[in-house]
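Since this is a predicted model, take the numbers as computed values, not measurements. Atoms considered below: every heavy atom in the structure, side chains included; atoms not considered: hydrogens, waters and symmetry mates. Letters A, B, ... mirror the listed sequences (proteins, then strands); counts begin at 1.
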There are 2 protein chains.
Amino acid sequence: MKSDDRKFAILYSIIRDYIRTAEPVGSRTIEKNYNLGISSATIRNEMADLEDMGLLVQPHASSGRIPSDKAYRMYVNNFMKISDVESYVIENVRTLYDKYVGQLNKAIEATAEILTKLTNLTALVMTPHITQMDIKDIRLIHIEGERALLVIITKQGIVKNAEIRLNSKTDKKQLEKITVFLNMCVDGINNDFEAENFSIAMEALNSQEQRILAEVVAAIKNIYQQDADTKVYASGLTEIFKYPEFKDMEKARKVLETLHKQDMISYLLTEAMDSGINIKIGNENTFEELNDCSVVTATYKLNGRPIGSIGIVGPTRMDYDYCVSVIKAMTKTLDKHLSDTLGGKD
Amino acid sequence: MKSDDRKFAILYSIIRDYIRTAEPVGSRTIEKNYNLGISSATIRNEMADLEDMGLLVQPHASSGRIPSDKAYRMYVNNFMKISDVESYVIENVRTLYDKYVGQLNKAIEATAEILTKLTNLTALVMTPHITQMDIKDIRLIHIEGERALLVIITKQGIVKNAEIRLNSKTDKKQLEKITVFLNMCVDGINNDFEAENFSIAMEALNSQEQRILAEVVAAIKNIYQQDADTKVYASGLTEIFKYPEFKDMEKARKVLETLHKQDMISYLLTEAMDSGINIKIGNENTFEELNDCSVVTATYKLNGRPIGSIGIVGPTRMDYDYCVSVIKAMTKTLDKHLSDTLGGKD
DNA sequence: ATTAGCACTCATTAATGATGAGTGCTAATA
DNA sequence: TATTAGCACTCATCATTAATGAGTGCTAAT
């Protein structure tokens, strides 16, 4: 079907042009700037067809066309070309990461800033989830009175910590005893400490210690299973002002307000955790407030397992080729950094 | 001088009116709505005087007047009335704080959100500085290889922690030995560990231990003296869109961009750390980008010592009476919460 | 010293018309 | 039969103009 090829060549041209200019694209523009060897009149006819197919939209009767969300989806699935990011850029990122060895959260934050700098878009990142990881070591540090610091170290070398409050005073010795006990059965955490070791060793503790243990276990579940210590960051929230489609204050405000919510960021980054690179275009987004935006997310890994994700948010006419290339390169670089600095085999 | 009293009564009325409406105030408005017993013509004459004194500004020749920054300064210094915040509000805040016992950072974040909710303004907060505090306890926890978690507990019960990387591998035993040693001379931290104890005990360590110790001390200085673990949060960044003076996109963008910078928040909150309540009006702000805003900050305390600060940012025509009342009430409530949950006498 | 009266200023809004980019349709063409 | 040239038509955008009205400064009367 020669005719179809031509249609999509026109569609492709229109999309590329609109991504670049943010202006509705007319038939003469295509004729002049893209050498398709056909006249504007023919292009007009094809454009009318493409509109019937739901791939183009006309803002008003006598204007050029803009691509629909469906068109972007087709573009992303069939026409998008991913390329390598220049190596000196990656080199700079590596150098930056080296400055944050031992400050995982800072490195993740820096990742957001780099994404923004490279794409001129809002970037979202989340710190690693530990839910899927195996615990290597649990420590309890007595602060004073009934306060203690709980530290969880995973086999992958990720460290999480949180202060916990017990119902009664305790001391260093008591916590040490419980710590030893806890580490004897860390394997039981995923199945509610039902492991054999648990009930056996339980008898070695007196009743007060058992009570404290129960509270500690609750805290561990909170931080480990709910992953209460996972944090999200956004950078470049004001980048949106650079784009003419958001020159309407009300539109910009709506998106901005949405992206300021922690749980929204969390949702966007968690939604597509297991699908590698994920792209949500315009109305594909669950939340109506983001129907004029596209969200590109990707997971980063440790020892081959996804442990967190990063993403960018921009207008639906974002440069998908470039953005996806960048986000791929960044996750790859981050993966490398994590395996270099955290190590720990599965 | 009866004449001066009248002038300032007019000025006061104009400020109150402008704070409420954001519209330039004309002489007839004052005559009708504020019973000053004088005609609009007389008010006009006085207004011309007030303009000569630099207290009023006329946006254009035939418009009403708006207060100058100088007028707000006079208002804040002389006319402002601080009142109590309704007790049920405080009660709600207390209840909320109770949910975050043991999660100091969360409580501070919640404070920002409450400030935003109460004032409809952007709120800024910072977590406690520990620079002025005395260290009670230092712990080193071995993670794996050359990685360790440093935990600092102050006498005031504040806990800070950071991962550190040593230049060579270590183990649990070695770190325990160093920990014992460190705690013997925690008092020396403020004067570079020059204390007598330090050099004496130093001899008890072998050369590798001494090397590790030096690295740990450097890390402690970083987290303790530079207070590398102090965090800042902003909430309600999009509140600015509610105010007509920022309906100009460019203006709003500038302020928004400025308030998104961590170090800007840090600067604003640190600038006036020792002066209790601090109010910066319009061009009194160090940064040109905030010349259309006012910033109200206040310090919160532990055992009578300021350890951090909170603040709000809004248009210069903010309701100073109410805002200052709210921020006073909030610091007081936060102070109480901290002393209740952290305790620890000086 | 105060106020009524009036001419004047200027932002805001609505109405009007010109411009131009871009279309759809028709008839001519290869 | 597919393509293209030609043309009437649509509609957003922009500049111009005029009307409106809030508010002032100044002068003369009280």
- Note on the structure: Separation of C:dA21 atom C1' from A:Ile66 atom CD1, nearest Å, is 16 Å

- Item | Under 3.5 Å on both distances, the Watson-Crick or G-U partner of D:dA22 | C:dT9

- Strictly by modelled atom types, are B:Glu257 and A:Thr238 linked by a side-chain donor-acceptor pair under 3.5 Å? yes

- Relative to the ring of B:Phe79, is the ring of B:Tyr12 parallel (under 30°), tilted (30 to 60°) or perpendicular (over 60°)? perpendicular

- Message: For the residue pair A:Tyr75 / A:Arg16, report whether a side-chain donor-acceptor contact shorter than 3.5 Å exists.
- Response: yes

- Query: With distance as the sole criterion, is a donor-acceptor pair present between the side chains of B:Ser235 and B:Thr116 under 3.5 Å?
  - Reply: yes

- Message: I want to verify a distance call: between D:dC11, C:dA11, D:dG23, whose nearest atom is closest to the A:His60 side chain?
- Response: D:dC11

- Task: Give, ordered by number, those residues of residues 30-39 of chain A having at least one heavy-atom distance below 4.0 Å to an atom of DNA chain D; if nothing qualifies, reply none.
- Result: A:Ile38, A:Ser39

- Item | Nucleotide forming a Watson-Crick or wobble pair with D:dT27, both distances under 3.5 Å | C:dA4

Under 3.5 Å between N/O atoms: give me all the protein pairs with nucleotides 23-25 of chain C, atom names plus distance.
| residue | atom | partner | partner atom | Å |
| --- | --- | --- | --- | --- |
| C:dT23 | OP1 | A:Ser27 | N | 3.3 |
| C:dT23 | OP2 | A:Ser27 | N | 3.2 |
| C:dT23 | OP2 | A:Ser27 | OG | 2.7 |
| C:dG24 | OP1 | A:Arg65 | NH2 | 2.8 |
| C:dG24 | N7 | A:Arg44 | NE | 3.1 |
| C:dG24 | O6 | A:Arg44 | NH2 | 3.4 |

- Item | SB check B:Glu289 B:Arg253 (cutoff 4.0 Å) | no

- So, do A:Thr297 and A:Ile310 sit near enough that their side-chain heavy atoms are less than 4.5 Å apart? no

- Message: Just to verify, what does A:Glu271 make a side-chain contact (heavy atoms from CB on, under 4.5 Å) with, not counting sequence neighbours?
- Response: A:Tyr267, A:Leu268, A:Lys280, A:Thr286

- Item | d(CG, A:Asp17; P, C:dA21) in whole Å | 15 Å

- Message: If the cut-off is 4.0 Å, is B:Thr42 near the phosphate of C:dT2, judged by side-chain N/O to OP1 or OP2?
- Response: no

- Quick one: do the A:Ser294 and A:Tyr320 side chains pair a donor with an acceptor below 3.5 Å? yes

